Asker: 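I'd like to ask some things about the structure below.
By convention in this document, chain letters (A, B, ...) are assigned in the order of the sequence lines, proteins followed by strands, and residues within each chain are numbered from 1. Remember, predicted model here, so these are calculated numbers, not experimental data.
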Protein chains: 2
Amino acid sequence: MSSESPKRLLFRQFAAVAKAVAHEHRLELLEALAQGERNVELLANRTGMSVANTSQHLQQMRRAGLIESRREGKFTFYRLSDPAVLDLLAALTRIGERHVGEVDKIVRTYFLSRDELEPVSRSELLARMKDGDVLVIDVRPQDEFASGHLPNAINIPLEELEAQLATLDTKKEIVAYCRGAYCVLSFDMVERLRARGFKARRLEDGWPEWQAAGLPVVV
Amino acid sequence: MSSESPKRLLFRQFAAVAKAVAHEHRLELLEALAQGERNVELLANRTGMSVANTSQHLQQMRRAGLIESRREGKFTFYRLSDPAVLDLLAALTRIGERHVGEVDKIVRTYFLSRDELEPVSRSELLARMKDGDVLVIDVRPQDEFASGHLPNAINIPLEELEAQLATLDTKKEIVAYCRGAYCVLSFDMVERLRARGFKARRLEDGWPEWQAAGLPVVV
DNA sequence: ATATCAATCAATCAAATAATTGAATATTGT
DNA sequence: ACAATATTCAATTATTTGATTGATTGATAT
């Protein structure tokens, strides 16, 4: 009977959107989807969850408006519904970094090398790409690279570094990137390259942020 | 024993931040705090929740890093910890507006007059304020006005409109604003003013957004 | 038609969350 | 010291949420 205030009704809806991101596994799925459109099984494999569980989480996010799906033959492909989802994730990350002690602790423990690796900003990388004196390596898996990547980037997943070493131009400085600021792939890549005498640094974040910033891409 | 991946650990923390916003009442508290620093009892009264319940929700958000508190005598004052909290709320709102059918339905039902009221954008208002040909009315309660407001705005809560009517300059166009895009106070104010023959419009959103945009304010 | 595969659904159990109540703390004023 | 006030804490109950399992649907290929 009680007709509630419209504001309360709206907050209930917005809270439902927030609930849909408020889970460890769903954040991981969103990070994966930020690399490009993916089907359920691949997402399940990449996150280590069961297919049924993955499907349920995806549907929950779809109901909340975070993602959309498209059926193609036997496969259902999911994708982010809106660039605002990236804004949402960015805000969450920023708040966590600045105001949650645990986050700082984890970063210090696992990403200590961060400072030493002197990450390259997006604008700096863009400038150096124009000068052509930098080699950009995308460390993500092939399928993510194929969904979109930086111009002139070459795709070298960690396990393929050995095989590709000989082909690398030893004169250019290398900049490696992957899924985002806390994706460890580019950290590992830079460490391995430096161990072999290359001059290598990380991009400050990853593909989703580059794309969201409206910088030039190859799709 | 299993030491989990750092990314997983970070996502757990970010999910905790998201959980802290993922509740109707907590969103309402955040909206209230976006107007300025407030103590527990006032927040409880404004949201219609019990003091104990309000306190618990506030502590939950504090643990998650969304808000901070400060003790002054008998009172505990809470405030948003970071402008990124406003970004988070803005992203939630945007996703809800664009991708949740219910939101659209609620807006159509309760805010139908929205289009007719032709809201004024922040930049348009700013320009007209410089020309000095507009009267800006802040429709929020006194305490929220006192915590900060637009330059040259006068504070007229709805219940005081009658008493203040005579003092209004009938030649200027009026722009009313309150807490945000879905705050009904300014809608009501514009309707009442128009019923009395004034030329009146709404600001597209409210005080938190104006402040977040870095526009000139009076604090 | 039948087998195969991707994805979803339905049912279950375990765990986490929210609101309520009354007691407990901390600060101020008498 | 004592009472009054603002806030927090602790315990309880009802509700919601998440993971798992196995069955089911829908599309493709043989």
Asker: Contact list please: residues 18-47 of chain A against DNA chain C, heavy atoms, distance less than 4.0 Å, in numerical order.
Answerer: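 Going residue by residue through residues 18-47 of chain A, the ones with a heavy atom under 4.0 Å of DNA chain C turn out to be A:N39, A:V40, A:E41.
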Asker: Mind jotting down which residue pairs meet the ring pair (Phe, Tyr, Trp, His ring centres under 6.0 Å) criterion with at least one end in residues 141-164 of chain B? Sequence neighbours excluded, please.
Answerer: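 Sorted result for residues 141-164 of chain B: B:F145-B:H149.
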Asker: Mind jotting down which residue pairs meet the ring pair (Phe, Tyr, Trp, His ring centres under 6.0 Å) criterion with at least one end in residues 49-72 of chain A? Sequence neighbours excluded, please.
Answerer: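 Applying ring pair (Phe, Tyr, Trp, His ring centres under 6.0 Å) to every pair that reaches into residues 49-72 of chain A, excluding sequence neighbours, yields A:H23-A:H57.
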Asker: Output all residues satisfying side-chain hydrogen bond (donor to acceptor under 3.5 Å, both in side chains) with A:D205, sequence neighbours left out; order by chain, then residue number.
Answerer: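 Testing A:D205 for side-chain hydrogen bond (donor to acceptor under 3.5 Å, both in side chains), a comparison that skips the adjacent residues, returns A:R122.
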Asker: Tell me, please, the opening and closing nucleotides of DNA chain D, 5' to 3', among those with an atom under 4.0 angstrom from a non-hydrogen atom of chain A.
Answerer: D:dT17 to D:dT28
Asker: Under 4.0 Å from any atom of DNA chain D, heavy atoms only: list the residues of residues 54-79 of chain B that qualify, in numerical order.
Answerer: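 Hits under 4.0 Å, by residue number: B:S55, B:Q56, B:Q59, B:K74, B:F75, B:T76, B:Y78.
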Asker: Quick test of your reading: applying salt bridge (charged side-chain N to carboxylate O under 4.0 Å, His left out), list the pairs with at least one residue in residues 48-57 of chain A, sequence neighbours left out, ordered by first then second residue.
Answerer: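 Not a single pair qualifies under salt bridge (charged side-chain N to carboxylate O under 4.0 Å, His left out).
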Asker: Verify whether one side chain among A:Y177 and A:D138 offers a donor that lies under 3.5 Å from an acceptor in the other.
Answerer: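 Per modelled atom types, A:Y177 and A:D138 side chains form a pair under 3.5 Å.
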Asker: Can you list every pair that meets side chain to side chain donor-acceptor pair (under 3.5 Å) and has a residue in residues 153-162 of chain A, with sequence neighbours left out?
Answerer: A:E162-A:R196
Asker: If a pair satisfies salt bridge (charged side-chain N to carboxylate O under 4.0 Å, His left out) and one of its residues is in residues 51-68 of chain B, list it, with sequence neighbours excluded.
Answerer: B:E68-B:R79
Asker: List for me each residue that meets salt bridge (charged side-chain N to carboxylate O under 4.0 Å, His left out) alongside B:R179, sequence neighbours excluded, and say none if there are none.
Answerer: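 By the salt bridge (charged side-chain N to carboxylate O under 4.0 Å, His left out) rule, B:R179 matches B:E144.
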Asker: With B:D82, which residues qualify under side-chain hydrogen bond (donor to acceptor under 3.5 Å, both in side chains), at least two apart?
Answerer: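 Once residues adjacent in sequence are excluded, the partners of B:D82 under the side-chain hydrogen bond (donor to acceptor under 3.5 Å, both in side chains) criterion are A:R98, A:H99.
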Asker: Please name all residues satisfying salt bridge (charged side-chain N to carboxylate O under 4.0 Å, His left out) with A:E72, sequence neighbours left out, ordered by chain then number.
Answerer: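 Salt bridge (charged side-chain N to carboxylate O under 4.0 Å, His left out) list for A:E72, sorted by chain: A:R70.
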